[in-house]
Protein chains: 2
Amino acid sequence: MGKVSPGIDAAAWLRGHGLRATHGRIAIVRRLDASRVPLTLADIHAKVRAAGCDFATVFRFISILEEKDLVERVAWIDGTTRHEIRARNGPHHHHHYLICRTCQKVEPIDQCVVEQVENQIAKERGYAALSHSLQLSGVCPECQAKPKMKGKK
Amino acid sequence: MGKVSPGIDAAAWLRGHGLRATHGRIAIVRRLDASRVPLTLADIHAKVRAAGCDFATVFRFISILEEKDLVERVAWIDGTTRHEIRARNGPHHHHHYLICRTCQKVEPIDQCVVEQVENQIAKERGYAALSHSLQLSGVCPECQAKPKMKGKK
DNA sequence: ATATTTGCAAACCTTTTGCAATCTG
DNA sequence: CAGATTGCAAAAGGTTTGCAAATAT
């Protein structure tokens with residue numbers, strides 16, 4: 001649902017956006033499409049290097065996708081920069097996640113509760129072209145149950 | 001109000017937290033205290049280097065303050081890592097900002113509208129020790145009025 | 001006086017770029 | 001075939017660490 005399609009034809013998707021379909025790019029799009037959460041360049045590279053795709057290619061191609069607004073860059077709460085294929089739900093960009101500070105598990109939040117906040121606050125001040133990033137973090141039920149081993153970062 | 005105090009006695013504040021009051025540290029605390037928005041290490045260093053405080057000192061001391069939970073690290077929406085002195089409003093950490101994507105202006109949002117969201121969503125899933133980071137971005141009224149000069153980042 | 005903290009410089013690691021070779025349409 | 005794209009390797013940025021000298025208590 002947030003995916004480009006279930007098991008998409010990456011080559012067709014690429015050409016449909018006026019992009020050349022090389023092996024590396026196809027692997028990158030597949031990787032992005034398969035993830036429900038934003039990935040770091042290293043994450044992506046780890047999965048596509050087997051296909052002979054260089055880190056520089058990941059870097060450059062992700063930049064291209066971001067310029068075309070097909071991928072969005074997210075400043076993750078742990079300080080890493082991540083990238084996410086953009087769901088086609090209109091001009092609004094949603095990035096709602098629940099992150100466990102202990103096990104680093106990430107759960108997307110589907111509800112659009114922030115919409116009201118966004119409209120209320122930002123429009124009150126006359127802002128246009130709004131977007132937002134909300135990351136909630138805490139300790140998940142599983143980690144609360146486990147013996148406490150402080151894994152700081 | 002989010003400040004340690006108006007024109008605080010940094011040395012006393014430091015000793016009060018069991019930290020040695022060196023010139024560099026005093027300058028760093030003053031800088032943090034004077035800002036309503038999170039700062040990068042470079043921001044802080046730029047202001048304290050005149051006082052002969054090295055970048056490494058800024059780096060190490062901020063790390064110490066963060067371990068003691070006196071300063072909080074924030075993954076800013078532009079990908080930079082920023083640091084903010086922690087307001088004493090309880091265990092809840094608030095980071096609500098309205099950021100202009102054109103002029104980079106930052107306006108803190110005082111309202112705690114996310115509280116409901118946080119409690120609703122996170123507790124529904126059994127998370128503990130919640131905190132959140134919300135950054136709204138858009139184009140401020142002033143920038144909407146100005147002639148459009150696309151300053152990307 | 002003594003343990004802590006600092007400045008300096010080097011080590012790291014991630015991000016970015018140049019260029020010749022390779023591939024796509 | 002021609003221009004776009006890639007791999008490789010080096011450059012650039014920001015972060016982190018070691019160590020001897022300086023500092024706070």
Side-chain angles (χ1 to χ4, degrees), chain A residues 9-31 38-68 70-83 152-153, chain B residues 9-31 38-68 70-83 152-153:
Chain A
D9 177 344
W13 183 83
L14 284 165
R15 296 206 186 84
H17 285 289
L19 297 164
R20 289 199 173 183
T22 66
H23 289 175
R25 291 178 170 198
I26 290 171
I28 292 170
V29 171
R30 288 217 180 104
R31 180 74 193 93
L39 303 170
T40 62
L41 292 182
D43 288 337
I44 299 167
H45 182 224
K47 256 298 181 62
V48 301
R49 67 184 316 163
C53 182
D54 192 69
F55 187 91
T57 297
V58 174
F59 170 79
R60 283 181 289 218
F61 187 52
I62 290 294
S63 298
I64 289 172
L65 292 176
E66 286 174 346
E67 275 174 19
K68 291 189 175 297
L70 296 172
V71 161
E72 186 161 4
R73 182 174 298 213
V74 185
W76 204 243
I77 204 168
D78 65 2
T80 58
T81 297
R82 290 165 179 271
H83 312 266
K152 184 126 206 187
K153 191 238 147 142
Chain B
D9 177 345
W13 183 83
L14 284 165
R15 296 204 187 86
H17 286 289
L19 297 164
R20 288 199 174 184
T22 65
H23 289 176
R25 291 179 170 198
I26 290 170
I28 292 170
V29 170
R30 289 217 178 104
R31 180 72 192 95
L39 303 170
T40 63
L41 292 181
D43 289 336
I44 299 167
H45 182 224
K47 256 298 181 63
V48 301
R49 66 184 315 161
C53 181
D54 191 69
F55 186 90
T57 297
V58 174
F59 170 79
R60 283 182 289 219
F61 187 52
I62 291 294
S63 298
I64 288 173
L65 292 176
E66 286 174 346
E67 276 173 18
K68 291 189 175 297
L70 295 171
V71 161
E72 185 161 5
R73 182 174 298 212
V74 185
W76 204 244
I77 205 167
D78 65 2
T80 57
T81 296
R82 289 164 180 272
H83 312 266
K152 184 128 205 185
K153 189 252 149 126

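Throughout, a chain's letter reflects where its sequence line sits, starting with A, and its residues are numbered from 1. Values in this document were obtained by computation on a predicted structure and should not be read as measured data.
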Along nucleotides 20-25 of chain C, 5' to 3', which nucleotides get a B, which get an S, and which get a -, given that the test is a protein heavy-atom distance under 4.0 Å?
----BS
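In terms of heavy atoms, A:A75 sits closest to B:G79 at CB-N, 4.0 Å.
A:H17 pairs by the side chain to side chain contact (heavy atoms under 4.5 Å, CB included) definition with A:W13, A:L19, A:L70, not counting sequence neighbours. The side-chain hydrogen bond (donor to acceptor under 3.5 Å, both in side chains) search around A:S63 returns none, not counting sequence neighbours.
In summary, of the residues considered (A:V71, A:L14, A:V58), a side-chain contact (heavy atoms from CB on, under 4.5 Å) with A:I28 occurs for A:V58 alone.
Note that the two end axes of the helix from C:dA1-D:dT25 to C:dG25-D:dC1 enclose an angle of 40°, each drawn from 5 base pairs, rounded to 10 degrees.
A 4.0 Å heavy-atom criterion places the boundary nucleotides of DNA chain D facing chain A at D:dG3 to D:dC8, written 5' to 3'.
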Kindly list each side-chain donor-acceptor pair under 3.5 angstrom involving residues 41-49 of chain B, sequence neighbours excluded, with atom names and distances?
unit_1 : atom_1 : unit_2 : atom_2 : d
B:D43  : OD1    : B:T40  : OG1    : 3.3
B:D43  : OD2    : B:T40  : N      : 2.9
B:D43  : OD2    : B:T40  : OG1    : 3.1
B:D43  : OD2    : B:R82  : NH1    : 3.4
B:H45  : NE2    : B:C53  : O      : 3.3
B:H45  : NE2    : B:F55  : N      : 3.4

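A heavy atom lying under 4.0 Å from DNA chain C marks the following residues of residues 55-64 of chain A, by number: A:F55, A:A56, A:F59, A:R60. For residues 47-54 of chain A, proximity to DNA chain C is found at no residue, defined as any non-hydrogen atom under 4.0 angstrom from a strand atom.
Using a 4.5 Å heavy-atom threshold, the side chains of A:L39 and A:H83 count as separate.
Counting only residues at least two apart or in different chains, salt bridge (charged side-chain N to carboxylate O under 4.0 Å, His left out) contacts with residues 11-31 of chain B are absent.
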